[in-house]
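As structure tokens, the structure follows; a few thoughts come after it.
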Amino acid sequence: MTAVWMICNCKNGISSYEIARTLGVTQKSGWFMLHRIREAMRNGSILKMGGNGPIEVDETHIGPKPRRCTAPNG
């Protein structure tokens, strides 16, 4: 979703290098994402990205482990 936001909010366009740098992926992955998102936007539909059924999203945390704010009880 971050890549979609970046593409929509950049008035001069965005490069695959910038997507890769921001998301922490390889340039090749950034290029692939960029072209898939552009194709979905061109068609006016995101069916290719999500299939024909509903799209489900879980609450996955990507990144470092969250730090505890308080000491554990016990």
Side-chain angles (χ1 to χ4, degrees):
M1 292 310 254
T2 304
V4 174
W5 180 85
M6 290 171 65
I7 293 167
C8 291
N9 287 313
C10 191
K11 68 178 183 176
N12 295 330
I14 191 165
S15 70
S16 60
Y17 288 104
E18 190 171 351
I19 289 177
R21 203 172 36 247
T22 302
L23 299 179
V25 297
T26 63
Q27 187 270 333
K28 187 176 179 180
S29 296
W31 182 89
F32 185 76
M33 282 191 272
L34 183 61
H35 282 269
R36 294 290 280 214
I37 293 167
R38 284 180 179 165
E39 182 66 23
M41 294 173 115
R42 186 174 67 90
N43 292 337
S45 162
I46 59 171
L47 290 178
K48 283 188 176 181
M49 294 176 71
N52 293 333
I55 299 172
E56 296 182 17
V57 179
D58 62 359
E59 297 177 8
T60 301
H61 175 78
I62 300 173
K65 291 184 178 180
R67 289 185 257 159
R68 289 188 176 197
C69 296
T70 59
N73 295 333

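By convention here, the first residue in the shown sequence is residue 1.
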**Report entry** Minimum heavy-atom distance between S16 and G30, given as atom pair plus value
**Finding:** CB-C, 3.9 Å
Query raised in the report: How close do E18 and M6 get, heavy atom to heavy atom, and via which atoms?
Result: O-CE, 4.0 Å
Report summary line: Closest non-hydrogen atoms of R38 and I14, given as atom of the first, atom of the second and distance, are NH2-O, 3.4 Å
Requested in this report: Find out if a path of hydrophobic residues (ILVMFWY) with successive side-chain heavy-atom gaps under 4.5 Å connects I7 to Y17.
Outcome: no
Query raised in the report: Considering all heavy atoms of both residues, which atom of M33 and which atom of L23 are nearest to each other, and what is their separation?
Result: CE-CD1, 3.7 Å
Query raised in the report: Side-chain heavy atoms under 4.5 angstrom apart, residues restricted to Ile, Leu, Val, Met, Phe, Trp, Tyr: same cluster for W31 and W5?
Result: no
Report task. Can you see which heavy atom on I19 is nearest to which on A3, and at what distance? Result -> CG2-CB, 4.4 Å
